[in-house]
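Accompanying notes for the structure given below.
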Amino acid sequence: MLAPASGNVSLRTVSSSRPQLLRSESQQSAAASDDYYSLSSRNSSSRSPSTTSRATVVRYMTPNSRPVSRTSSPNVSRTMLAPPVVAPRAGYTSNAQVANRDTFTPINSAEQLTEDRDMSEGTSAPAVEDSYAGRGPTPGMDDSPYIRFAINQLTRDPEASQSRRTSESGSESTTAGNLVWDDDLGHFVRAATSPAQQPLLTPERDPHNSVDPEAFVAVDPPEGSLIHPPLDFVPVVLRPGALAVVIFCVLLMIAGVTFCNVWSKDHQGIWGYNGRSGSRYFVFQFLPQILGVVISILTIVVQAAVYRVMPFVTMASERPFGKVLQKIPILPRNFLFPDISHFIHGEALVGFSLFTIWLSNFVAVPLLGCLFQAKWYVIDGQGKWQWATVTSIGWTLVSVYGLLAIGLILLLLRFLRTWSGLMWDPVCLADLICIVQRSNILDDFEYSEIAPDVGKTLDSRVLRLGYWQLSQRAHSGIFYGIGEAGASIGNPSLHRIEKNRRDQPHGLSKVSFDVEQQAVSENDDSDIYSPSIRYRWAPWFLRKTAVVGWTVILCGLFIAFVVASFLHHAIQDGFTPRLPTMPSVSAFSSSNFLYSLIPAFIGNLMFLAWQHIDSYFRVLQPYAMLSSPEGASAEQSLLLAYPSLLPFQVTAIAIINKHYKIAWISLMSVVFGALPILAGGVFMSFYYPSENDIRVGSLMPAFYTIIGFCAVYMISFLCIWPGRRRYLPHDISTLADQMSFLYQSPLLSDKLLREPRSKTDLVTRLVVAPPGEQEFPKYGFGIYVGRDGREHLGIDRYRRPGRADMLITTGSMR
């Protein structure tokens with residue numbers, strides 16, 4: 001206790017409490033940290049009330065000195081100092097009398113501050129009685145503030161004092177001049193330009209445990225704004241001009257088949273038959289399939305673009321379907337089997353269009369191989385062979401291509417002046433990062449990167465893609481991304497990293513993992529270090545056992561095919577058709593139809609099956625590069641956009657990037673279109689005079705070419721061996737699957753990727769060295785320290801200053 005005395009003061013017991021730093025909380029939510037907001041919003045918010053009073057500096061007044069900053073202290077004190085009553089002192093001139101500055105007055109006790117705050121809120125607090133107020137050794141003057149200052153100097157924490165002096169020296173120029181006395185609060189506060197900017201005195205909160213009341217509010221972009229452009233971007237291949245070209249090609253095919261049907265019926269054939277060689281045989285037996293494959297490739301490009309943007313377009317249209325992220329695929333799966341996922345999620349027009357594309361690709365090319373047959377006609381009393389159209393097959397093709405034309409027209413209408421929600425084409429991982437970096441649903445993905453099925457771990461949410469504002473922070477500006485309207489911010493804060501990292505004394509270690517961590521987690525399906533998780537998934541047709549099986553089966557079939565073809569000159573001398581060969585009135589021949597349809601159908605299946613392989617290798621290539629033991633540059637990983645490139649363009653760019661496997665696989669995805677082309681026209685019934693019999697023979701040059709393509713097809717299966725780098729913890733065919741590898745990545749708050757305004761802006765940021773760094777950053781797929789301070793499996797910069805390098809295991813285990 002401090003006992004009053006006449007003329008002197010005796011110090012008997014010194015309080016152990018230290019001066020306390022009182023903070024005034026900003027209106028900004030603790031959960032929504034500075035790194036969450038954009039540069040533009042930060043600039044605007046820096047002028048707002050919520051950020052002008054981040055911390056209230058409270059100072060003591062010492063005799064003949066300026067105020068001294070107080071340091072943090074415990075909340076509990078053995079000795080409570082009563083609030084002083086300040087009396088005027090002779091010879092002391094207040095600051096209010098000098099340059100209109102407020103008077104520096106000693107601060108009241110912490111209890112008095114609490115009382116004043118409670119009284120200002122309409123609550124009562126117990127009064128603290130001070131028996132020493134107004135009494136002291138100096139007549140008419142209260143000396144208790146000076147005594148408190150002496151006690152503070154005796155009991156101060158040296159480390160805190162050093163920290164205080166450092167802080168004071170660095171901020172004196174910006175804080176001291178802005179301090180004014182608040183009579184209600186009883187201490188100094190920052191100067192405010194308006195009553196709305198007066199800071200609120202609230203208890204200090206932990207950002208990790210705070211509840212953020214702010215929510216996402218959907219807004220429209222300002223008209224004519226260059227910073228916030230209209231979200232109506234549509235990929236080039238889905239724009240009216242490009243789709244009109246594809247539709248025109250389909251209509252030309254319909255017109256050509258219809259003309260052949262009508263002309264052949266009215267004129268007893270189309271053109272004279274002149275044998276198994278020459279230009280006429282090529283026109284009727286190979287050219288229709290060539291045109292059909294061209295249309296198939298065009299529609300494959302169109303449907304790839306549709307799959308790529310439909311999840312975003314569906315969210316932009318604000319359809320009330322809660323599983324867009326986890327159910328609508330972003331990779332084409334409409335080759336061998338039809339995909340009905342878009343019907344389920346309210347995109348009936350798109351679903352019908354994709355179904356017509358699948359139908360035409362599946363049946364049109366084999367039917368085109370059976371469209372024309374040689375038929376015996378008696379013309380002007382003379383009989384001769386004529387090329388004629390099989391009428392039933394012709395009208396079937398007209399129906400199939402008619403449905404395709406309708407589907408493409410509906411697709412054109414769907415994307416005509418649509419609000420797609422996109423600034424540019426989302427073709428790479430960097431684009432996805434920019435779209436989800438400020439999403440308020442990222443907390444739903446907690447440890448989903450190790451889940452075998454990400455979709456099952458997520459709740460159903462009605463999501464929107466577009467511009468947003470915060471409900472209680474309109475001045476923070478407009479931002480862009482995926483979010484749930486009305487939901488809280490929910491975005492992890494980088495402010496939590498340092499705290500959590502201190503709780504983890506053992507950081508990531510590339511050295512200790514192989515020996516120690518692998519032995520512990522080898523069979524643990526819940527540990528991100530477990531190889532059974534890291535290398536758990538690959539498409540079923542690209543798993544090692546499947547690749548081995550496909551290779552063995554194809555090798556066996558190829559050998560059997562070659563032996564059966566050349567044994568006893570079976571193909572060269574022809575073979576008995578065992579079916580009627582005489583064409584009917586409509587020019588239909590059972591044997592010709594069978595031996596044209598089945599080979600063409602098998603070749604078409606091989607062609608379409610390879611499209612699945614090509615599609616997955618294109619999308620897996622960024623992950624394969626990110627899994628390199630030393631990481632990969634942005635151009636070789638985050639910016640790779642193979643799924644959006646055109647045929648042959650993929651091959652050229654892959655060769656430039658030295659991705660030779662991608663170059664070969666993508667080239668073969670087009671070249672293998674020759675299989676249904678050749679197979680549909682190589683066999684035909686012929687009359688053999690030497691045998692005096694009708695047999696099924698082949699055009700031998702075309703047959704030899706087929707054998708060559710089959711050999712290349714078989715060898716190409718040896719090239720699709722996936723390797724460790726193309727194995728992932730789970731599928732990547734939906735947005736949710738890919739977001740699970742990014743939801744805690746510091747890339748989402750990386751200044752390099754923060755709110756680019758164009759694709760050119762994004763690419764420019766990623767291909768230059770970050771400010772203050774000499775080396776170009778590399779990126780990897782492995783175990784990293786996330787924004788929550790914990791270890792996660794996914795995508796991040798391979799090396800960050802002040803952190804351990806990312807742990808990538810593909811190069812450490814064989």
task: Any chance you could lay out the salt bridge (charged side-chain N to carboxylate O under 4.0 Å, His left out) test for D750 and R754, step after step, and finish with the verdict?
output: CA-CA 6 Å; D750 199 313; R754 185 173 293 172; over 6 Å; no
- request: Please work out which of the three classes, parallel, tilted or perpendicular, describes the rings of W550 and W540, given edges at 30° and 60°.
  value: tilted
Salt bridge flag under 4.0 Å for residues E449 and R534: no
- prompt: Distance-only, no hydrogens or angles: does the H228 side chain make a donor-acceptor pair with backbone N or O of I478 under 3.5 Å?
  reply: yes
- line: CG (L354) and CZ (R333) are apart, to the nearest 0.5 Å, by 11.5 Å
- line: salt bridge (charged side-chain N to carboxylate O under 4.0 Å, His left out) filter on D796, not counting sequence neighbours, yields R800
query: Relative to the ring of H792, is the ring of Y447 parallel (under 30°), tilted (30 to 60°) or perpendicular (over 60°)?
result: parallel
- prompt: Short question: side chain of S448, backbone of A451 - any donor-acceptor pair under 3.5 Å?
  reply: no
message: Using ring centroids (six-membered ring only for Trp), state whether F479 and F216 fall under 6.0 Å.
response: yes
message: Once rounded to the nearest 0.5 Å, what's the spacing between atom CD1 of I662 and atom OG1 of T651?
response: 10.0 Å
query: Does S439 reach the main-chain N or O of I482 with its side chain, forming a donor-acceptor pair under 3.5 Å?
result: yes
message: For Y779, is there any backbone N or O sitting under 3.5 Å from a side-chain donor or acceptor partner on R797?
response: no
field: Interatomic spacing from CG in L638 to CE in M625 - rounded to 0.5 Å
entry: 11.5 Å
F717 ring center near W610 ring center (under 6.0 Å): yes
query: Is a side-chain donor or acceptor of E791 paired with a backbone partner of V785 at a separation under 3.5 angstrom?
result: no
- prompt: Is it true that a side-chain atom of R464 and a backbone atom of Y467 form a donor plus acceptor pair closer than 3.5 Å?
  reply: yes
